[in-house]
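Below: the structure, in C-alpha cells.
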Amino acid sequence: MEQLAIFGGSPVREEPISYGRQYIDDDDIAAVAKVLKSDALTCGPEIGALERKLCQVTGAKYAVAVSNGTGALHLAAITAGFQEGDEVIVSSITFAASANCILYCGAKPVFADIDPDTYNIDPQALEKLITPRTKGVVAVDFTGQSIEQDAVREICRRYGLTLIEDAAHAIGTRYRGQSVGSMADMTCFSFHPVKTVTAGEGGAVTTNDEAKYRRLLRLRAHGITRIQEEMIHPSDARWYNEQVELGYNYRMTDMQAALLCSQLEKLPAFARRRKEIAARYDRAFSEMPQLKVQKEIPESDTVRHLYILRLNPELLNCDRRAFFDALWAENICSQVHYLPVYRHSCYEKLGYEKGLCPNAEAYYETSMSLPLYYGFTDEDVDSVIYAVKKIIAYYGK
C-alpha cells in the first residue's frame, strides 16, 4: 500500500486484524449438529429454549426470537402503533435500521443529536424535539453503553411515549445493576457475527408487557394465530389457524436458536474479555492528547461491542482518512460507525439536510472503530496500540 512508503519497513502485523469477528467453539458446533439430526429445523423446541434463556439473561418477562435485528425493530415499531402522521425520535448515530423501522410504518423519523462525550442520544436534545405528533422514541445503546435510562424513560413517561431501546450492541450490559432488555417498553437485540454473541443472523425483542408479547409473536409469523381468543372466527379444530392481521415471516430457525443458546452460555466470558480489551485501549490512548476516548457514564456497566477512537484534528497533521488508511497499511482493519443516518442519500431524498445534528456530524468526521472481539489476544491488542502510536508519532504536532 502507498502508506507503507511513508512509514517505511513492514507493517506492524503480517496478517490483517479485522475490527470484529465471531468466536465459535466445539460446543456451538455440537449444538447446531444436534438440531440438524433432529426432526425440527424450524418452529421447533429450540426457539422456546432460546426465548427462556434470553429472559434469564435480560431479566425481561417475555422474549420473541426473530430472524435478525432489523426484523426485531420493525415488529417493535408496529407493536408500538407507529403509523402515518406520527413522529418518532431516534438517535442520529446508529445503523440505518434504527430509523428505517419508523419509515416502514409510514411514520417520520426525527433525529436527535448525541452527547458529545458518550455518543448516545442526548436526553435534553430529545425532549426539545417532542411535538403533539410525537408517539415514541428509538434510543440506541451505542457501542454497548446503556442510554441514560433514568432520564430517557422519565421523558417518555411524562409525554406518554413508547420507548423502544435498540440494544443491538448491548447484550450483557447493565444499568444500575439491571440488565439491558428489562427496562424499556420493548428492547431489540441483534445477533450478527460481529456482535458479542451470534446466531449467524438473528434478533430478538424483549418486553414486560404480555399484550405486546402476544402481538409480537403473531406478527413474527404472518399475523396468523392458533389462539381462539385472538380469532375473528374462532374454531377449536386442531388444523385451524387464522390470519387476523398483516404480519411477516421473521422466524428464526432452530439451528440459529441452538447456536445462540450455546453462545449465551459463554456471555460472561465474552463480556469479561471485551471489558479487558477496552480498558487496555483506554489506558493507552487516554495518555495521548491527539486522541479522545469515549466517556462512560458511571451507571452503565458496559459490555463494549465497538471501541471508538476519536482524533483531535488540532493536534494532528492529517485528517481522519489519512489516519484510517495508515492503520490499514499496518494491517489494522479499522471501520467507521456511523454516518449520521439522515446523511444517507435515501434520507436526503426525503428532505433531511446536512447540519441537522452538529454533535453527530463532528463525531462522524473524527471517529473510527478499532478491533475488538473475544478471540483478540494480548499480542493483538499490543499491535493495535503500537500501530496507533506509530501513526501519532508521524502525524502528531
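For this chain, numbers begin at 1 and follow the sequence in order.
- In the model, Thr377 has a side-chain atom that pairs as donor or acceptor with a side-chain atom of Asp380 under 3.5 Å.
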- Query: Passes ring pair (Phe, Tyr, Trp, His ring centres under 6.0 Å), Tyr342 versus Tyr352? Steps please.
  - Reply: CA-CA 6 Å; Tyr342 60 85; Tyr352 295 91; 7.2 Å; no
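- Using a cut-off of 4.0 Å between Lys/Arg side-chain N and Asp/Glu carboxylate O, Lys354 and Glu361 are scored as not salt-bridged.
- For the pair Ile29 and Ile24, the minimum side-chain heavy-atom distance is below 4.5 Å.
- No continuous path of ILVMFWY side-chain contacts below 4.5 Å connects Ile102 to Ile89, so the two sit in separate hydrophobic clusters.
- Relative to the six-membered ring of Phe376, Arg21 misses at least one condition, a distance below 6.0 Å or an angle of at most 45° to the axis.
- Annotation: side chain of Pro45 is in contact with side chain of Asp254 (closest heavy-atom distance under 4.5 Å).
- Between Tyr23 and Phe270, the angle of the ring planes goes over 60°, which puts this pair in the perpendicular group of the 30/60° scheme.
- Remark: the backbone N or O of Ala65 is paired with a side-chain donor or acceptor of Glu51 at under 3.5 angstrom.
- With hydrogens and angles ignored, the 3.5 Å screen pairs no side-chain donor or acceptor of Asp122 with any backbone N or O of Asp113.
- Heavy atoms of other residues, nucleotides or ligands lying less than 6.0 angstrom from CZ of Phe95 number 12 at most.
- Without hydrogens or angle criteria, Thr134 side chain to Val88 main chain gives no donor-acceptor distance under 3.5 Å.
- Counting heavy atoms from C-beta on, the side chains of Ile93 and Asn120 never come closer than 4.5 Å.
- Remark: Lys397 NZ is packed, more than 12 non-hydrogen atoms of other residues, nucleotides or ligands lying under 6.0 Å away.
- Note that the CD1 atom of Ile47 and the CZ atom of Arg220 stand 6.5 Å from one another [nearest 0.5 Å].
- Between the side chain of Asp141 and the backbone N or O of Ile147, at least one donor-acceptor pair lies under 3.5 Å.
- Glu276 and Arg272 are not joined by a salt bridge, as no carboxylate oxygen comes within less than 4.0 angstrom of a charged side-chain nitrogen.
- Rounding to the nearest 0.5 Å gives a distance of 12.5 Å between OH of Tyr175 and OG of Ser182.
- Placement of Ile332 and Tyr373 within a single hydrophobic cluster is found when ILVMFWY residues are connected by side-chain heavy-atom separations under 4.5 Å, directly or transitively.
- Rounded to the nearest 0.5 angstrom, Arg310 CZ and Ser367 OG are separated by 6.5 Å.
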- Test log, rule salt bridge (charged side-chain N to carboxylate O under 4.0 Å, His left out), inputs Glu265 and Lys53: CA-CA 9 Å; Glu265 292 294 326; Lys53 183 69 174 176; 2.8 Å; yes
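- Shown here is Arg321, whose CZ atom has no more than 12 heavy atoms of other residues, nucleotides or ligands within 6.0 Å.
- At least one donor-acceptor pair under 3.5 Å links the side chain of Thr366 to the backbone N or O of Ala362.
- Dense packing is recorded around NZ of Lys292, with more than 12 heavy atoms of other residues, nucleotides or ligands lying under 6.0 Å away.
- More than 12 heavy atoms of other residues, nucleotides or ligands shown are found within 6.0 angstrom of CG on Asn249.
- A donor-acceptor pair is defined here as one N or O able to donate and one able to accept, closer than 3.5 Å; no such pair exists between the side chain of Thr302 and the backbone of Arg304.
- Of the charged side-chain nitrogens involved, at least one lies within less than 4.0 Å of a carboxylate oxygen, so that Asp28 and Lys266 count as a salt-bridged pair.
- At a cut-off of 3.5 Å, with distance as the only test, no side-chain donor of Gln263 or Gln22 sits close to an acceptor on the other residue.
- Thr143 pairs in a side-chain hydrogen bond (donor to acceptor under 3.5 Å, both in side chains) with only one of the listed residues (His337, Gln294, Glu296, His169), which is Gln294.
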- Task: Start with the C-alpha distance between Tyr250 and Leu219, add both sets of side-chain angles, then the distance that settles side chain to side chain contact (heavy atoms under 4.5 Å, CB included), and finish with yes or no.
- Result: CA-CA 8 Å; Tyr250 281 152; Leu219 288 167; over 6 Å; no
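- Here the side chain of Thr207 pairs a donor or acceptor atom with the backbone of Asp185 at under 3.5 angstrom.
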- Query: Would Ser179 and Arg174 count as a side chain to side chain contact (heavy atoms under 4.5 Å, CB included) if you check the C-alpha gap in whole Å, the side-chain angles of each, and the deciding distance to 0.1 Å?
  - Reply: CA-CA 4 Å; Ser179 295; Arg174 301 174 74 85; 2.9 Å; yes
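- A donor-acceptor contact shorter than 3.5 Å is absent between the side chain of Asn68 and the backbone of Glu201.
- Here the side chains of Ile308 and Phe142 are in contact, with some heavy-atom distance below 4.5 Å.
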- Message: Would Arg218 and Glu245 count as a salt bridge (charged side-chain N to carboxylate O under 4.0 Å, His left out) here? Give the steps.
- Response: CA-CA 9 Å; Arg218 191 167 64 240; Glu245 63 178 321; 2.9 Å; yes
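- Listed for the Glu242 side chain is a donor-acceptor partner under 3.5 Å among the backbone atoms of Ile232.
- Remark: Asp378 engages Arg273 in a salt bridge, criterion side-chain N to carboxylate O under 4.0 Å.
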- Item | Tyr159 vs Glu127, side chain to side chain donor-acceptor pair (under 3.5 Å): CA-CA, chis, key distance, verdict | CA-CA 9 Å; Tyr159 292 94; Glu127 187 165 15; 3.0 Å; yes
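- The side-chain heavy atoms of Lys389 and Ile392, taken from C-beta on, include no pair separated by under 4.5 Å.
- Counting heavy-atom neighbours within 6.0 Å of Gln124 CD, excluding the residue itself, gives a total of 12 or less.
- When only modelled atom types and interatomic distance are considered, Tyr386 and Glu330 share no side-chain donor-acceptor pair under 3.5 Å.
- Note that the OG atom of Ser235 and the CZ atom of Arg226 stand 11.0 Å from one another [nearest 0.5 Å].
- Centroid-to-centroid, the aromatic rings of Tyr395 and Phe323 stay 6.0 Å apart or farther.
- Between Lys108 and Leu350 there is no side-chain heavy-atom pair separated by less than 4.5 Å.
- At least one side-chain heavy atom of Leu75 sits less than 4.5 Å from a side-chain heavy atom of Val66.
- Side-chain contact between Phe189 and Thr58 is present, with heavy atoms from C-beta onward closer than 4.5 Å.
- No donor-acceptor distance shorter than 3.5 angstrom exists from the side chain of Thr225 to the backbone of Glu230, with no hydrogens or angles considered.
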